[in-house]
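Order of appearance sets the numbers: ligands from 1, and atoms from 1 within every ligand.
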Amino acid sequence: MTDEIGRSETFFGESGVAGFTHRAFTKAMGFDDADMARPVIGICNTYSELNNCNRNLRQLAEAVKRGVWQAGGLPLEFPTISLGEIYLSPTSMLFRNLAAMDTEEMIRAQPLDGVVLLVNCDKTTPAALMGAASADLPAIVVSGGPMLNGHFRGQILGACTDCRRLTAEYRAGTLDADTYTTIEDGIVRSAGHCMVMGTASTMNSLCEALGIALPGNGATPAVDSRRERLATAAGRRIVSLAREGTRPSQIMTREAFENAIVLLSALGGSTNAVVHLPAIAGRLGIDLPLSLFDEISRRTPLIANMRPAGKFQMEDLYYAGGIPAVMRELLPMLHGDALTVTGKTLAENVAGAATQSQDVIRPLDDPLQPEGGLAVLTGNLAPDGAVIKHAAASPGLLRHRGRAVVFRDLDDLRERIDRDDLDVTPDDVLVLQNVGPVGGPGMPEVGNFPIPGKLLKQGVRDMVRISDARMSGTAFGTIVLHVAPESAIGGPLALVRDGDEIELDVPARRLTLAVAEDELARRREAWKAPVSAAGRGYIRLYREHVNQAPLGCDFDFLRGGDPVHATLQPKY
Ligand code: FES
């Protein structure tokens with residue numbers, strides 16, 4: 001082991017009662033002096049029975065341990081907060097920073113020389129990366145992998161794009177209750193994360209472009225034995241990284257983040273990555289302005305035909321060559337010389353990859369769309385920016401001017417959206433306020449809020465919707481998100497009233513509230529912050545310190561590096 005890491009050596013080698021107790025209490029777990037002479041590899045496990053997506057992580061932890069033992073390390077598994085998207089209220093995003101703090105502090109506080117981060121569901125991956133970036137000990141991400149495709153009467157189903165699509169049909173009365181229940185029985189078939197190109201698929205794929213995961217991490221299905229072998233290989237590799245002292249800050253460089261944004265654009269990935277990547281980069285002192293996402297998205301063709309923007313799902317992407325094949329296509333646009341956790345460059349990692357199906361992965365010179373799936377909008381309604389996944393929007397609405405129909409908050413939305421007397425037409429623009437980072441709190445995934453019931457029954461399936469919320473990466477529609485600054489802190493979105501004209505122009509990247517500046521000034525003067533019970537504990541900490549979406553919604557006091565000391569400090 002190099003002198004640079006050597007934290008377990010310090011821990012077990014301390015003199016006096018400290019070293020005595022460290023060794024004696026470790027021997028209580030059945031380990032001996034030979035074990036304690038090995039580099040200690042933490043296996044940071046986000047397994048939880050309240051997280052269906054992460055249910056295979058116990059099995060993968062055993063696979064990682066096998067690899068660590070093979071390579072001469074001592075694997076020690078420990079738990080961190082698990083964020084099950086389906087189970088957390090009001091939104092898992094509220095707890096991403098809490099999980100990141102847990103991960104960072106547990107890596108820092110324990111006698112580890114390296115760590116394997118076992119993640120899967122949406123927020124577990126960015127939380128682990130944020131924590132590991134701040135701690136800056138050698139690290140590899142191993143995700144649990146995507147679910148198998150859902151099936152129903154010959155149709156492929158995707159969680160949770162079809163959960164939403166088919167629920168809309170059920171609400172519209174075009175799907176009966178028995179069929180709806182039968183679909184519910186068969187849509188989520190296995191362990192793993194949602195299998196469309198949602199947030200988990202996106203973030204676990206971007207780990208390959210960031211260089212912090214082994215090739216194959218993104219698309220290998222959760223239940224494929226190759227996922228276990230990938231975990232064992234990661235176990236072997238982390239021992240080498242710990243011995244070499246290669247840290248995340250040497251892997252996740254500015255070039256690596258640019259590679260991740262290129263991949264995000266080419267995949268038509270989740271808008272949530274536009275929040276998570278700046279948060280992870282911010283921990284390493286790297287700024288990723290929204291303009292960089294737009295600039296890269298404009299010059300990167302959409303080449304992966306993935307739902308919700310396209311046709312296929314992660315299982316299909318895996319058979320088509322997976323993320324290595326996508327990056328092999330993208331190589332001319334990537335920093336191929338970026339170092340990765342394999343010890344090789346990105347270009348070396350993907351050199352042997354090949355596309356098996358051009359229906360799923362298009363060649364760079366014959367893409368699905370000439371530019372990437374995301375666009376960043378600015379204008380007087382979003383001075384600090386807003387995001388739209390135009391690849392999953394209705395082409396006819398990408399240039400649209402309409403009358404605003406405003407919902408004050410989620411309670412107001414719930415109360416009025418399905419009322420027959422709601423004054424709304426298909427050409428209107430629906431606006432939802434007070435669902436941003438502070439207002440939510442936690443910027444819930446409600447940006448794809450429902451079409452009014454009476455329009456749904458008339459066959460309307462998409463309208464322009466604008467909010468300061470996020471949306472699930474599995475969702476679709478003409479949905480403007482992440483409006484900043486948010487309405488709960490007095491951003492212009494708070495000033496919109498029923499009947500105002502709003503103009504969306506995605507090709508020009510503009511979002512405009514067509515109201516005179518003096519009228520807006522009057523409204524600003526009269527604006528009062530929504531009454532919020534700031535409360536106590538974590539929610540209070542969150543509301544007081546969360547940054548706006550363009551800075552990734554991290555806490556203001558967590559940005560910037562704060563690496564682990566080269567050696568653990570002696571205790572006594
Ligand atoms: Fe975990 Fe969708 S619920 S990724």
Quiz: residues 441-448 side-chain donor-acceptor pairs under 3.5 angstrom, not counting sequence neighbours:
unit_1	atom_1	unit_2	atom_2	d
E445	OE2	N272	ND2	2.8
E445	OE2	R470	NH1	3.1

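- In this structure, R189 places its CZ atom where more than 12 heavy-atom neighbours from other residues, nucleotides or ligands lie under 6.0 Å away.
- Side-chain atoms of L267 and I323, non-hydrogen and from C-beta on, do get closer than 4.5 Å to each other.
- Not counting sequence neighbours, the partners of Y542 by the ring-ring contact (aromatic ring centres under 6.0 Å, His included) test are F555.
- Shown here are the protein N/O/S atoms lying under 2.8 Å from atom 2 (Fe) of ligand 1, water excluded: C194 SG.
- N51 is not listed as a side-chain neighbour of H193, based on a closest heavy-atom distance of 4.5 Å or more.
- Residue pairs meeting the disulfide (SG to SG under 2.5 Å) criterion with at least one member in residues 125-174, sequence neighbours excluded, are C160-C163.
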